Participant: 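Submitted below is the structure of interest, expressed as structure tokens.
Residue numbers count from 1 along this sequence. Here the structure is a predicted model, which is why all the values come from computation and not from measurement. No hydrogens, no waters, no symmetry mates; every other heavy atom, side chains included, goes into these values.
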Amino acid sequence: MSRSYVVDCLLEPIFWFGDNFAGCLGKVFVFCVTVLTTAVVSIAYWVGLPYWWERDPYVTVFLVIFGNWVLINIVFHYYMGVTTSPGYPPDGAVIAEAASICRKCITPKPPRTHHCSVCDRCILCMDHHCPWLNNCVGYFNARYFFLYMAYMVTGVTFLIVAGLDLGYQVLWINDNGGLTNEDEPDLIGHPVRLNQSGVFVPGQFIAEYDAENVPRRHNLPIIIITEAQRITASGAKRKAVVFMVIMCLSVFFALGTLTVIHARNITRGETSIESHLNATLRKTHKSHQFRNPYNFGRKKNWKLFLGLTQGRTFLRHILFPSRHPPAGTGLTWHTPSNGIEDWP
């Protein structure tokens with residue numbers, strides 16, 4: 001009855017609730033990600049595109065191309081992260097380098113393999129169970145998960161930078177140009193006339209004549225209404241801008257922090273689970289410096305994680321969608337001490 005055992009017993013109901021909560025609501029989380037991403041992209045086209053087109057059409061073309069490149073990568077890596085199996089130890093196979101026996105599966109566990117209580121099975125090189133993917137992050141889909149986060153942070157950063165002036169004009173300056181929600185958009189900035197039904201419609205000219213029965217010319221000032229003023233005057237578009245600000249800032253700070261943490265783990269050659277385990281080992285092995293057995297150095301750790309082996313390049317296989325698998329099988333692992341300089 002050690003203190004750790006008592007704490008585990010007390011926290012067991014919380015663990016059970018968390019496991020079942022993540023398992024039951026995984027599909028709901030995937031649906032929420034899909035809906036929110038679709039909403040953000042739709043608002044960017046509905047509100048942001050006309051605003052930038054009025055400012056500079058050439059810059060708008062660049063923004064559309066860059067934004068769609070980021071969007072394609074986001075959709076691809078999220079879909080692959082959800083649908084790709086993280087990798088499981090083969091049933092009934094002999095694992096020569098088994099690290100231990102799983103107490104729940106009662107089967108040999110390869111190195112870096114851990115049991116997921118949500119999926120209720122062992123996961124190769126398990127990082128964590130992600131409810132937003134409704135899937136475990138493991139050996140075969142860890143790259144998709146990380147690149148999804150990286151491209152998503154890039155996307156919201158792009159929206160924040162591109163929409164900074166728009167948000168300032170709409171939310172801070174709040175100049176609607178004298179327009180109200182009741183104004184008819186087709187009549188703004190145009191002369192109007194009363195048709196036979198008694199409805200105001202746009203007029204092409206003013207039917208007034210001089211003494212010689214010739215239509216008079218009127219040099220009237222034309223009211224220039226900017227797109228920012230139209231957005232400010234529109235209640236729906238203004239609420240959409242507020243929604244974009246809240247969503248983009250929330251994702252930027254939350255997912256940005258998570259991306260930095262995972263990037264640090266990749267640099268060290270660790271998963272999230274190994275990061276916690278190795279931190280404990282570093283404290284207990286203060287007499288001699290602890291070294292992660294799977295740390296090949298920063299550059300090689302990133303190459304192995306991103307699968308940039310066998311002639312693959314960063315330009316083709318990272319900047320653009322690619323389904324290439326990671327190096328190896330996830331059942332056996334090389335270490336810097338085994339004398340193999342480059343693998344596979």
Side-chain angles (χ1 to χ4, degrees), residues 29-78 132 146-190 221-263 319:
F29 289 161
V30 172
F31 176 77
C32 291
V33 171
T34 304
V35 171
L36 292 176
T37 304
T38 303
V40 169
V41 174
S42 301
I43 293 173
Y45 274 98
W46 178 41
V47 179
L49 185 61
Y51 171 79
W52 271 102
W53 185 261
E54 181 184 71
R55 291 190 59 180
D56 193 327
Y58 297 103
V59 175
T60 306
V61 172
F62 167 77
L63 294 178
V64 170
I65 294 174
F66 181 83
N68 280 278
W69 166 71
V70 176
L71 178 62
I72 290 173
N73 277 286
I74 290 174
V75 174
F76 171 80
H77 289 101
Y78 184 73
W132 297 102
F146 177 79
L147 289 180
Y148 161 71
M149 292 195 302
Y151 278 113
M152 179 61 81
V153 173
T154 302
V156 296
T157 304
F158 162 73
L159 292 177
I160 291 172
V161 173
L164 191 62
D165 183 68
L166 174 59
Y168 173 76
Q169 295 291 335
V170 174
L171 302 180
W172 186 262
I173 301 299
N174 195 22
D175 178 20
N176 59 11
L179 304 177
T180 64
N181 292 328
E182 290 75 18
D183 289 331
E184 181 65 33
D186 294 335
L187 304 181
I188 297 174
H190 298 282
I222 299 176
I223 301 176
I224 299 177
I225 305 297
T226 65
E227 187 63 29
Q229 291 172 332
R230 292 175 184 268
I231 296 171
T232 305
S234 172
K237 289 188 176 182
R238 198 172 190 280
K239 291 177 182 178
V241 173
V242 174
F243 173 80
M244 288 283 282
V245 171
I246 296 174
M247 286 299 304
C248 289
L249 291 179
S250 300
V251 172
F252 177 79
F253 287 108
L255 203 59
T257 302
L258 191 61
T259 304
V260 171
I261 293 174
H262 279 271
L319 294 183

Participant: Ring-plane angle category for Y148 and Y78, please: parallel below 30°, perpendicular beyond 60°, tilted otherwise.
Facilitator: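 Y148 vs Y78 ring planes: tilted.
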Participant: Going from CZ on F76 to CG on L71, what distance comes out if it is rounded to the nearest 0.5 angstrom?
Facilitator: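 Reported to 0.5 Å precision, the distance equals 13.5 Å.
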Participant: Of all heavy-atom pairs between M149 and L258, which one has the smallest distance, and what is that distance?
Facilitator: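 Result for this residue pair: SD-CD2, 3.6 Å.
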Participant: Considering non-hydrogen atoms only, spot the tightest contact between T60 and D56 and give its length.
Facilitator: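 Shortest heavy-atom contact: OG1-O, 2.7 Å.
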Participant: Do other residues, nucleotides or ligands put more than 12 heavy atoms under 6.0 Å from W53 CH2?
Facilitator: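 It does not: W53 CH2 has 12 such atoms or fewer within range.
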Participant: List the atom of Y151, the atom of L319, and the distance in Å for their closest heavy-atom pair.
Facilitator: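 Looking at all heavy atoms of both residues, the closest pair is OH-CA, 3.3 Å.
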Participant: So which heavy atom on T38 is nearest to which on T34, and how close?
Facilitator: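 For T38 and T34, the tightest heavy-atom pair comes out as OG1-O, 2.7 Å.
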Participant: Evaluate the side-chain proximity of L159 to M247: yes if any heavy-atom separation is below 4.5 Å, no if none is.
Facilitator: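 They are not in contact (no side-chain heavy atoms under 4.5 Å apart), so the answer is no.
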Participant: Could you check whether any side-chain heavy atom of L166 comes within less than 4.5 Å of a side-chain heavy atom of W52, counting everything from C-beta outward?
Facilitator: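 With C-beta onward as the side chain, the pair stays apart.
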Participant: Where do F158 and V70 land on the side-chain contact (heavy atoms from CB on, under 4.5 Å) test, with the steps shown first?
Facilitator: CA-CA 9 Å; F158 162 73; V70 176; 5.7 Å; no
Participant: Do any N or O atoms from the side chain of S234 and from the backbone of R230 form a donor-acceptor pair under 3.5 angstrom?
Facilitator: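 Checking the backbone N and O of R230 against the side chain of S234, no donor-acceptor pair under 3.5 Å is found.
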Participant: What distance do L147 atom CG and I74 atom CD1 have between them, rounded to the nearest 0.5 Å?
Facilitator: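 L147 atom CG to I74 atom CD1 measures 11.5 Å (nearest 0.5 Å).
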Participant: Evaluate the side-chain proximity of Q169 to E227: yes if any heavy-atom separation is below 4.5 Å, no if none is.
Facilitator: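 Heavy-atom side-chain distance check fails, nothing below 4.5 Å.
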Participant: In chain order, what residues pass the side chain to side chain contact (heavy atoms under 4.5 Å, CB included) check against I43, with sequence neighbours excluded?
Facilitator: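 Result, side chain to side chain contact (heavy atoms under 4.5 Å, CB included) vs I43: V47, A240, F243, M244.
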Participant: Do N174 and T232 touch side chain to side chain, with heavy atoms closer than 4.5 Å?
Facilitator: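 Yes; the side chains approach each other to less than 4.5 Å.
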Participant: With heavy-atom distances below 4.5 Å as the criterion, would you say the side chains of M152 and T37 are in contact?
Facilitator: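 Of all side-chain heavy-atom pairs linking T37 with M152, at least one is under 4.5 Å.
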Participant: Relative to the ring of Y168, is the ring of W172 parallel (under 30°), tilted (30 to 60°) or perpendicular (over 60°)?
Facilitator: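 Rings of W172 and Y168: parallel, under 30°.
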Participant: CG of L164 to CD1 of I160: how many Å apart, nearest 0.5 Å?
Facilitator: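 Result: 9.0 Å between the selected atoms.
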Participant: Contact between L49 and V64 at the side-chain level, heavy atoms closer than 4.5 Å - yes or no?
Facilitator: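 Result yes, sub-4.5 Å side-chain heavy-atom pair found.
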